[in-house]
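Accompanying notes for the structure given below.
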Amino acid sequence: MVSEASGQQDHKTNTKLFLKVFAALCFLTAISFVIANSPLMKSQGLAWAVMMLVSCAKAFLVISFFMHLKWERTWKYVLTIPASLMSLLLVVALIPDVGRRAENYSDQRWLHATEPSEVKADLSREDASATGDEPVPVDSSESDSH
Amino acid sequence: MTDTQHQHVELSYEPALPIPRGKLCLWLFLSTEIMFFAGLIGSYIVLRFGVPEGAWPTPKQVYLVEWIGAFNTFVLICSSVTVVLALEAAKQNQAGLAKRWFVLTFLLGSVFLGIKAYEYTQKFEHGIYPMRPRSKIYDKANPYYVSAVGSYVAGEIAKLQVETGRTELTGMDQERLEHLRAVQTGLVNWTAEEVALEENPYAQSSQLETFAYVISPLDPDNSQAHEFLVSQKSEVEKQKDGFILEQKAKDQRSQEINEELVELNEAYAALEAKAEAGEAALTAAESEAFAKLATQRTELYEELTAVDASRAKLTQEIETYTARADVLEATLSSHHGLNEAWHLGLPIMIPSGNTWANTYFLLTGFHAVHVFIGLLAFALVMPMKLIATHAHLVENLGLYWHFVDLVWIFLFPLLYLF
Amino acid sequence: MSSPQNATASRWSIPGFLGHYVFSRDHKIIGTQFLFSTLIWGVAGGLLALAVRWQLAWPWSDMPIFGRLFEAEGGQISPEFYTMLFTMHATIMIFFVIIPMLAGAFGNWLIPLMIGADDMAFPTLNMLSYWIMWPAFILIGASFFTAGYGPSSGWTAYPPLSVLDAAAPGSGVAQTLWILGLTFVGISSMMGSVNYMTTIIQMRAPGMTMMRLPMTIWSMFITAILQAFALPVLTAGLFMQLSDRVFGTGFFLPEGLAANNGIQVAGGGQPLLWQHLFWFYSHPAVYIMILPAMGMVSDILACFSRKPLFGYKPMVYSICAIAGLGFIVWGHHMFISGMDPILGVSFMISTMLIALPSGVKTFNWLATLWRGNVQFTTPLLFSVGFLSMFIIGGLSGIFMAATPVDIYIHDTYFIVAHFHYVLFGGSILALLGAIYFWYPKMFGRMMSERLGKVHFFLTFILTNMVFYPMHILGAAGFPRRYADPYHFQAFADLLPINQVMTVSAILLGFTQIIFAANFVGSLFFGKKVGRNPWQANTLEWAAPSPPGHGNFDFQPVVCRGPYEYSCPDADVDFLPQAETPPA
């Protein structure tokens, strides 16, 4: 709406602004990329959180500058906030049943569940039973809900 | 309704929002799109983080290249800038400049799709498809996986044999057939037998995981596994050598027996002929010798049968151990296991690999569909003169395009970096 | 015909019969198209319901019509055929009758007229939203002629029944057609809802502030929001189920599903994921099916009580509250699915909360009637019918909101009683009332009041005779979705009740012939009416009956709220929202 009243001057500043936003977006993408290839990935939760924050920052930049929401009136909140909250709600509500399903697996279910796989080099056939390394995780909670 | 045709009046309204209807409609549509992608991305998040700890493939295991994804992010961000500059130019009534930015946006969108297509073919080449009959991914190293590899190999061998019936196999096909046979004996049957003989479930599972590792290692840099395979290979070769020595001994014995038998048979035949021809019976000594010869002969024949049987068995064992050694040799010679060494396209084991493929193709697929629809819309608007009166079209298209970019901003870390 | 008029006509339709009545962009024609399509599908859905009732009253006896049409040997149906019957009954009634009749037919007819607009914001999009329904009609209709005679995994399509081809005879092509059909319904609804929202936000006549909107428009607006936010999630789920079926992915099936010595599906998914995605849409869909009915009933009750609607603002807020809460209660459909108990408790509490705004609405309707100068017209009778049935249906809903009670009555006929009270007793009665009420505006003629009253009383009594006993059956544990519950000794004694219900259902079906005769007959022989036969206040009554292209022959300027009835200072007992200029 601002640009309606603005002249050539504003146009130039706008273009400059967009290029600045562009640079910021590229920088943020680079940050995500660097984090993913850095030792920070060892503590995955933290790295994921930082990457999601970076994504949110990028989304904020795109929405407010490229989609012009910075210059719109209050209706922007009416349209964007409910949708964002609803989508968050959906994901949060899916977590207990689907996102944590592995915690409720029964012993029977574990027989078919995927699990991290690695060759146990120390597991030759003779001393297999001697090692404590369990290929089949046994759920201690004895949950049979599945 | 003909009688009610009345003089039309142009009605005036009191709009609640200071924006054109088209833009409002587009924003509302984008809200529904947010929910659509919330459904998709939400499903991905819970499916992905719901798998047992650590059982999600790393990008390398599914041939996902992070920097390609990052580059595609860059391409989309560029296209977002160009479309916003096109809008600026259109608002300033600079139709030519607007058109140039617009075309650039279109091209960048096409580049994005092109890279996406390249990434997809990379997956397809490794048998990663989202769908069951084509997908070669198995989630777990279990007997089902072994039997799947078995039937795949058997099918390939049968295919090649049908061809053999028709024409001479080329050298490459011949080699492939040999490799397939080696896999059949040295890997599939080997593991199936070991698992069947083994009673300890941990050892069984270890066998199965070795099986999967040999075909396509999830962690090719696992030095422990490498050492294990090296030691297994030397053991196999040692046993094979043992078998060969034994076979040599047996061969020798067999030859000895045969030679002895020739002598014996001669003596025996002479005595027998004498006994049959002459009415005068054999002397007592002779008949004693005759009986002794007979028992000796029977014993030797029995031994020969036994030796021959064990020779045959040893041949088979040697064949099996040779195949096993070949398989291990090939595995150790390449960084990425048998599939890389021999290019047989065997089914691979990736924990949660199918869920990964399903969600990856679902999310990127629907995003690509949105990109494609955006490109179609760009193509439709392209012939227009992008003057200020058409700026709203560019604006609405741009809003949609930014949304597509927005989705990718979240998809990129979720799919490539996590 | 002067040239500007031609220009006007071309804005809504191209010349010729096809352009005028078939591919019209006029919201009224589109609304009528929705109305007729849904009424026809209503007949199909009703016949399916009668077939279900037949099996429950006279199990395994030769079924008339359906048995003969589909099953080769005589007329006896199979258990799988029975599951197909209730699946298709629900699918058709929900997606082809109630939702499109409320949002498609009445939403289209009333939104522009009641806010003083000449049409929807996007007439072409509006036309498309009707024609996108046709692929859905064809796909779902075609599924009757595929293996299994139609999908048979229930309208909820729970995996694995709906995903594995071999799970049931109807789980093959029919299920794929069903998913595709629903996708088209979803696209149509999405187009419609975006259009409605834009129209209501941007195209209100001067003076028509949001707080002067009739309740019908408020409810349509909130319904459109519900559709816009909830439907895409179902669409996403439908795409995933489609790819599970067609491509063999495994979003809704766990890994390790093996048969014939091989892994059959990609796996890795979770059946509960579908249930969550499905009910995330389908619970708001329940409000999509009742909110517009509530809005229309509010208008009818105020009009015939000749009183302002009691508590207009609380009514608006409670509709918003119902919609808002409606988004966070979907889990109450899954109490016995093995869902997380903590999640279950939170869903139970939020569900209970819905009783509050619903109660506000109920008491406001009663207060609107109280000491009003009530005119017992057919629309009012149906609205009162709606009110009483909604109270019963709503109260039984509170039973099910409580998880411990629900565990006992889930999948019994108590549930069936509940949602038929709300959907048939609620939505359908309100829809019938709305048809009687707005028929003069739609077609310029009155429907017969006498026939209408006969229709109402028979419908009302028979509805209760069909659906009330279901509460008793449900409390006795009578299971739903069983072709032959009498197989269990405990339910054998319940057969006579079922026979009474089935006879009532058949009579209820015949009663609708009165309505059909009234509807069709009045098109030709009904009394012609002027602009405002009911002396109602809202804007549509200021337009001609029926309105031509462009709706209004004057610029409506709204100067008051929609419910200024029996104003003490006025000469007449109603004060229209906009003054009609003298002819």
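In what follows, chains carry the letters A, B, and so on, assigned in the order in which the sequence lines appear, proteins first and then strands, with residues in each chain numbered from 1. Reckoned from all heavy atoms, side chains included, excluding hydrogens, waters and symmetry mates.
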### Message
If you apply the rule side chain to side chain contact (heavy atoms under 4.5 Å, CB included), what do you find for Leu30(B) with Met67(A), and how did you get there?
### Response
CA-CA 12 Å; Leu30(B) 291 186; Met67(A) 295 173 97; 3.8 Å; yes
### Summary
Counting heavy-atom pairs under 4.5 angstrom with chain A, the leader among Ile34(B), Ile77(B), Val83(B) is Ile77(B)
### Summary
Residue from Ile45(B), Val51(B), Leu28(B) scoring the most non-hydrogen pairs under 4.5 Å with chain A is Val51(B)
Measuring from atom [atom1] of [X] to atom [atom2] of [Y], what distance do you get when rounded to the nearest 0.5 angstrom?
X: Ser87(A); Y: Ile41(B); atom1: OG; atom2: CD1; result: 9.0 Å
X: Leu28(A); Y: Ile409(B); atom1: CG; atom2: CD1; result: 9.0 Å
X: Leu79(A); Y: Leu24(B); atom1: CG; atom2: CG; result: 6.5 Å
X: Ser32(A); Y: Glu66(B); atom1: OG; atom2: CD; result: 12.0 Å

### Message
So for atom CH2, which belongs to Trp27(B), do other residues, nucleotides or ligands contribute more than 12 heavy atoms lying within a distance under 6.0 Å?
### Response
yes
Heavy-atom distance under 4.5 Å to chain A: side chain of [X], backbone, both or neither?
X: Glu53(B); result: backbone
X: Phe412(B); result: side chain
X: Leu87(B); result: side chain
X: Leu17(B); result: side chain
X: Trp67(B); result: both
X: Asp405(B); result: side chain

Using non-hydrogen atoms and a 4.5 Å limit, figure out which bit of [X] sits close to chain B: side chain, backbone, both or neither.
X: Thr74(A); answer: neither
X: Leu69(A); answer: side chain
X: Asn37(A); answer: side chain
X: Leu90(A); answer: side chain

Compare every heavy atom of [Y] with every heavy atom of [X], then report the nearest pair and how far apart it is.
X: Thr114(A); Y: Ser352(B); value: OG1-OG, 3.1 Å
X: Gly50(B); Y: Ala102(A); value: O-CB, 3.4 Å
X: Met51(A); Y: Leu417(B); value: SD-CB, 3.5 Å

### Query
Is the side chain of Arg48(B) donor-acceptor paired with the backbone N or O of Gly99(A) at a distance under 3.5 Å, no angle test?
no
### Message
Checking the side chain of Arg101(A) only, and the main-chain atoms of Val46(B) only, is there a donor and an acceptor separated by less than 3.5 Å?
### Response
yes
Is there a side-chain contact between [X] and [Y], using heavy atoms and a 4.5 Å cut-off?
X: Lys58(A); Y: Leu406(B); result: no
X: Phe22(A); Y: Ser80(B); result: no
X: Trp75(A); Y: Pro18(B); result: yes
X: Val81(B); Y: Phe65(A); result: no
X: Phe410(B); Y: Met52(A); result: yes
X: Ile63(A); Y: His402(B); result: no

### Task
For each of Cys56(A), Pro82(A), Ala47(A), tally heavy-atom pairs with chain B at distances under 4.5 Å, and name the one with the top tally.
Cys56(A)
### Query
Which is it for Phe403(B) and Val62(A) under the side chain to side chain contact (heavy atoms under 4.5 Å, CB included) test, yes or no, and what are the steps along the way?
CA-CA 9 Å; Phe403(B) 175 77; Val62(A) 169; over 6 Å; no
### Task
With sequence neighbours left out, write down each residue that passes side-chain contact (heavy atoms from CB on, under 4.5 Å) with Ala113(A), or none if nothing qualifies.
Tyr105(A), Arg109(A), Trp110(A), Glu255(C)
### Residues Lys23(B), Glu72(A); criterion side chain to side chain contact (heavy atoms under 4.5 Å, CB included); working and verdict
CA-CA 12 Å; Lys23(B) 188 170 160 186; Glu72(A) 303 286 8; 2.5 Å; yes
### Message
Show every ring pair (Phe, Tyr, Trp, His ring centres under 6.0 Å) that has at least one partner inside residues 30-55 of chain A, sequence neighbours left out.
### Response
Trp48(A)-Phe49(B), Trp48(A)-Phe418(B)
### Message
Can you confirm whether the side chains of Thr73(B) and Thr29(A) place a donor and an acceptor under 3.5 Å from each other?
### Response
no
